[in-house]
Every structure is written in structure tokens, then in C-alpha cells.
Amino acid sequence: MKYKLVCIDIDGTLLNSSKRVSKGNKVALKKAFDKGVKIVITTGRIFNNAAYYSDLIGAKSAVIAANGGIIKEKDNDKVIYKNQISEDICKNILEIALKNKVSIHFHTANYIFNNSFLQSLLFRLVMTFGKPRNRKVKIVKVNSKKQWEEIFTKYKDDIIKAIIVDLNKSKLKKVRKDLEKLNDLEVLSSGWYNLEVNKKGISKGKAVKYLAEYYGIKREEVIAIGDNENDISMIEYAGLGVAMGNGIKELKEKADYITDSNNRNGVSKVIEKFILNS
């Protein structure tokens with residue numbers, strides 16, 4: 001099979017545990033791109049940061065960000081697909097977060113609004129320090145419910161994802177149940193300490209399907225590589241669904257192939273086996 005589209009998660013997949021892209025991954029992905037394969041970063045991260053990693057590996061394709069909430073060409077700013085969370089639902093999510101006293105972030109393509117001083121500092125370090133101006137993420141610390149409501153009104157057509165963060169697993173479990181009662185949301189996790197919230201019907205799998213059809217690429221010509229819960233839908237959709245060796249059990253059970261870990265160039269080994277040496 002000649003694969004034409006590779007969709008790659010970032011955290012726990014493309015990046016190693018030091019949050020770096022290995023030379024092996026870069027080299028393999030560049031060779032695949034030179035053979036005409038579209039390399040698409042497919043992540044829960046905010047668009048601007050996802051586009052930075054797409055630039056880093058030399059990809060020229062669109063980027064799928066916010067778990068599929070937005071698909072956008074990174075070089076000409078063309079939005080291929082976007083599905084935002086409504087103003088009223090944002091308010092409902094906020095109420096649940098405030099009631100349970102957890103950190104909450106709301107994302108547009110290039111803004112992160114959040115209520116945590118420490119996480120604001122962390123975001124500035126990770127998403128702005130050393131990044132080109134056009135890939136920096138704008139971080140806004142929100143200090144009051146009134147300010148939140150003003151943001152929801154001003155950005156009502158642009159908020160595509162919310163993230164809830166807490167180190168208490170029991171608290172997150174309760175928050176998840178509260179969110180799922182709203183019936184208008186997709187609630188997933190990309191790590192044991194967070195919940196990622198999108199509008200109902202949004203997923204990486206549906207975004208990969210949408211982009212493949214947009215490019216005129218068949219399902220069986222798609223490879224998807226991931227490691228966590230929010231990657232399951234794209235693993236199930238792809239012609240070749242690949243789980244990282246460090247991936248969660250539930251993902252591995254759905255995968256067609258299990259590669260090495262993110263610390264042992266698992267991505268490059270997939271590219272070499274199924275594209276470069278096929």
C-alpha cells in the first residue's frame with residue numbers, strides 16, 4: 001500500500017520525554033515528505049503551537065489542532081474547518097470548573113485564556129520563549145467571572161476548546177461526570193491530570209477523515225500515530241492505525257500496529273517500515 005497522508009500526535013508521540021523532536025524523527029519525516037507524503041500534525045494543542053512543530057519538521061501540509069476543533073493551512077492562514085464552542089456552553093463549562101475549584105483554560109487558534117497564575121507562567125515559557133513571532137501563543141490570565149463573560153462574548157466565534165487541569169484524579173473524575181451531563185460536549189484526556197473539552201462531534205478521527213477527503217486521499221492511504229485517549233478515533237479511522245510503545249492500553253487494543261516508544265524514535269520506525277522501505 002502506498003500511503004499518502006501521515007497524521008502524527010505531538011505529546012508522547014512526536015516528542016520524546018524531554019519534549020524534543022529527535023533527529024531520527026526529523027530525518028525520516030523529511031524523507032517521507034520528499035516522496036510526496038503529506039505530514040500533518042494532529043494534536044490537542046493550540047493551533048499556533050502545533051504549527052510551530054509542523055514548521056520544525058519541515059511539513060508543508062495543514063495542521064489539525066484542538067483535537068480536531070480546527071483544521072488550518074499554516075502558511076496562508078486558510079481555515080479548512082472550524083467548530084467552536086458556543087458562548088452559553090462556555091459559561092456552563094466555567095461554572096463546573098469554578099464549582100470544583102479546578103484550573104480552566106479556553107483556547108482560540110492563538111490565545112489561551114486561563115485562571116491559573118502558575119500555568120500562565122508555564123505557558124509563556126513553553127509556548128512563547130524562543131518561538132518565532134508568528135508562532136507565539138498569546139497568554140491571558142483571567143481574574144474574574146465578569147472578565148470571563150466578556151471574553152466569551154468577544155471570542156464567541158473563535159473558542160474551540162477548553163482544558164481542565166488538576167492533580168487530583170478523583171476530582172477530575174467528578175468534573176468529567178458533570179461535563180458529560182451537559183450532552184453538548186466531547187470530553188477526553190491526553191494525560192492523567194487533564195480533561196480536554198470540545199463541542200459534541202469533534203474528534204481527531206473526524207478531522208483526519210475531513211482533511212483526507214479534502215486532499216482526495218483514501219482512508220486506506222492514511223497512517224495515524226498516537227499514544228493517548230484523544231488519539232483513539234484517528235487510530236480507528238486510519239488505514240493503518242499505529243500506537244506508540246508508551247501508549248495507553250486502550251489505544252494499543254485498537255491499533256493495527258504498535259511501534260517503539262517516543263524515547264526510541266517510534267515515529268521514525270513507522271515511517272521507515274511503511275513508507276521509506278515499503
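- Between Lys145 and Glu95 there is a salt bridge, with a side-chain nitrogen of the basic residue lying less than 4.0 Å from a carboxylate oxygen of the acidic one.
- Within 6.0 Å of the NZ atom in Lys91, the count of heavy atoms belonging to other residues, nucleotides or ligands exceeds 12.
- The side chain to side chain contact (heavy atoms under 4.5 Å, CB included) with Asn230 is formed by just one residue from the set Ile232, Asn228, Asp227; it is Asn228.
- Taking the centre and axis of the six-membered ring of Tyr215, the NZ or CZ atom of Lys38 falls inside the cone set by 45° and 6.0 Å.
- At a threshold of 4.0 Å, the pair Asp55-Lys74 counts as salt-bridged, since one of the basic side-chain nitrogens sits closer than that to a carboxylate oxygen.
- In Lys171, the NZ atom is crowded: over 12 heavy atoms of neighbouring residues, nucleotides or ligands sit closer than 6.0 Å.
- Between the side chains of Asn114 and Gln119, no donor N or O sits under 3.5 Å from an acceptor N or O.
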Candidate pair Leu179 and Ile164, rule side chain to side chain contact (heavy atoms under 4.5 Å, CB included), full reasoning: CA-CA 11 Å; Leu179 290 168; Ile164 288 171; 3.8 Å; yes
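- Within the model, atoms OG of Ser61 and CG of Asp75 stand 9.5 Å from one another, a figure rounded to the nearest 0.5 Å.
- Nearest heavy-atom pair, Arg45 versus Lys161, reported as atom, atom and distance to 0.1 Å: N-NZ, 4.2 Å.
- Around atom CZ of Arg264, no more than 12 heavy atoms belonging to other residues, nucleotides or ligands sit under 6.0 Å away.
- Within 6.0 Å of the NZ atom in Lys35, the count of heavy atoms belonging to other residues, nucleotides or ligands exceeds 12.
- The closest side-chain heavy-atom distance from Arg124 to Ser120 is below 4.5 Å.
- The closest donor-acceptor contact from the side chain of Asn277 to the backbone of Glu272 lies under 3.5 Å.
- Remark: the backbone N or O of Glu149 is paired with a side-chain donor or acceptor of Thr153 at under 3.5 angstrom.
- Checking side-chain atoms of Asn48 against main-chain N and O of Lys136 turns up a donor-acceptor pair under 3.5 Å.
- Both Ile225 and Leu240 are members of a single hydrophobic cluster when ILVMFWY side chains are connected at heavy-atom separations under 4.5 Å.
- When all heavy atoms of Gln147 and Val140 are compared, the pair lying nearest together is NE2-CG1, 4.4 Å.
- Side-chain atoms of Glu221 never come within 3.5 Å of backbone atoms of Ile217 as a donor-acceptor pair (strictly under, hydrogens ignored).
- Using a cutoff of 4.0 Å between basic side-chain nitrogens and carboxylate oxygens, Asp77 and Lys72 are scored as salt-bridged.
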Between Tyr193 and Val165, does the side chain to side chain contact (heavy atoms under 4.5 Å, CB included) criterion hold? Intermediate values first, please. CA-CA 6 Å; Tyr193 55 87; Val165 178; 4.1 Å; yes
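- The residue from Lys249, Lys252, Lys254, Arg176 that alone fulfils the salt bridge (Lys or Arg N to Asp or Glu O under 4.0 Å) condition with Glu229 is Arg176.
- Interatomic distance, CD1 of Ile89 versus CG of Asp184, reported as 4.0 Å (0.5 Å rounding).
- Residues Thr42 and Leu211 fail the side-chain proximity criterion, which asks for heavy atoms closer than 4.5 Å.
- A 6.0 Å sphere centred on NZ of Lys269 holds more than 12 heavy atoms belonging to other residues, nucleotides or ligands.
- Proximity of Leu94 to Asn115: side-chain heavy atoms (C-beta onward) are nowhere separated by under 4.5 Å.
- Between Ile151 and Lys154, every side-chain heavy-atom pair lies at or beyond the 4.5 Å cut-off.
- Remark: the backbone N or O of Ser268 is paired with a side-chain donor or acceptor of Asn25 at under 3.5 angstrom.
- Between atom CG of residue Asp9 and atom CD1 of residue Ile64 there is a gap of 11.5 Å, rounded to the nearest 0.5 Å.
- A salt bridge does not link Lys204 to Glu196: none of the charged side-chain nitrogens sits closer than 4.0 Å to a carboxylate oxygen.
- What you find for Leu251 and Asp231 is that their closest heavy atoms are CD1-C, 3.8 Å.
- The existence of a salt bridge linking Lys78 and Glu73 is excluded, since no basic side-chain nitrogen approaches an acidic carboxylate oxygen closer than 4.0 Å.
- Donor-acceptor pairing under 3.5 Å is recorded for the side chains of Asn263 and Ser17.
- No more than 12 heavy-atom neighbours from other residues, nucleotides or ligands sit within 6.0 angstrom of NZ on Lys209.
- Here OH of Tyr52 is found 12.0 Å from CE of Met127. Values are rounded to the nearest 0.5 Å.
- Residues Ile202 and Tyr81 are in side-chain contact: their nearest non-hydrogen atoms beyond the backbone lie under 4.5 Å apart.
- One finds the NZ atom of Lys101 at 13.0 Å from the CG atom of Asn168 (value rounded to the nearest 0.5 Å).
- The shortest heavy-atom contact between Ala162 and Ile104 is CB-CD1, 4.3 Å.
- Using a 30° and 60° split on the angle between ring planes, Phe123 and His105 fall in the perpendicular class, above 60°.
- Few gaps surround CZ on Arg219; more than 12 heavy atoms of other groups in view lie less than 6.0 Å from it.
- Contact check for Tyr210 versus Ile80: side-chain heavy atoms found under the 4.5 Å cut-off.
- Heavy-atom minimum distance, Ile70 versus Ala109: CD1-CB, 4.1 Å.
- A donor-acceptor pair is defined here as one N or O able to donate and one able to accept, closer than 3.5 Å; such a pair exists between the side chain of Lys82 and the backbone of Asp157.
- Clustering ILVMFWY residues whenever any of their side-chain heavy atoms sit less than 4.5 angstrom apart, transitively, puts Leu98 in the very cluster that holds Val197.
- Transitive grouping of hydrophobic side chains (ILVMFWY, heavy atoms separated by less than 4.5 Å) keeps Leu185 and Ile163 in distinct clusters.
- Using a 30° and 60° split on the angle between ring planes, Phe152 and Phe106 fall in the perpendicular class, above 60°.
- The same ILVMFWY cluster, assembled from side-chain heavy atoms under 4.5 Å apart, contains both Trp148 and Ile96.
- Proximity of Ile57 to Lys30: side-chain heavy atoms (C-beta onward) are nowhere separated by under 4.5 Å.
- Applying the ring-ring contact (aromatic ring centres under 6.0 Å, His included) test to pairs two or more places apart or on separate chains, none has a residue in residues 226-251.
- Ring geometry for Tyr111 versus Tyr155: interplanar angle of 30 to 60°, hence tilted.
- Separating the NZ atom in Lys173 from the CG atom in Asp166 is a distance of 15.0 Å, to the nearest 0.5 Å.
- Side-chain contact check for Asn265 and Ser22: at least one donor-acceptor pair (N or O, by modelled atom type) lies under 3.5 Å.
- The two atoms that bring Ala32 and Leu276 nearest to each other are N-CD2, 3.9 Å, heavy atoms only.
- Side-chain contact between Asn262 and Thr13 is absent, with no heavy-atom pair separated by less than 4.5 Å.
- Looking at Asp11 and Thr43, their side chains never bring a donor and an acceptor atom within 3.5 Å of each other.
- In this structure a side-chain-to-backbone donor-acceptor pair under 3.5 Å is present from Asn198 to Ala66.
- For the pair Glu220 (side chain) and Gly239 (backbone), a donor-acceptor distance under 3.5 Å is absent.
- The hydrophobic cluster containing Val21 also contains Met244, counting ILVMFWY residues as joined when their side-chain heavy atoms lie under 4.5 angstrom apart, directly or transitively.
- Legend: ring-ring contact (aromatic ring centres under 6.0 Å, His included) pairs involving residues 11-43, not counting sequence neighbours: none detected.
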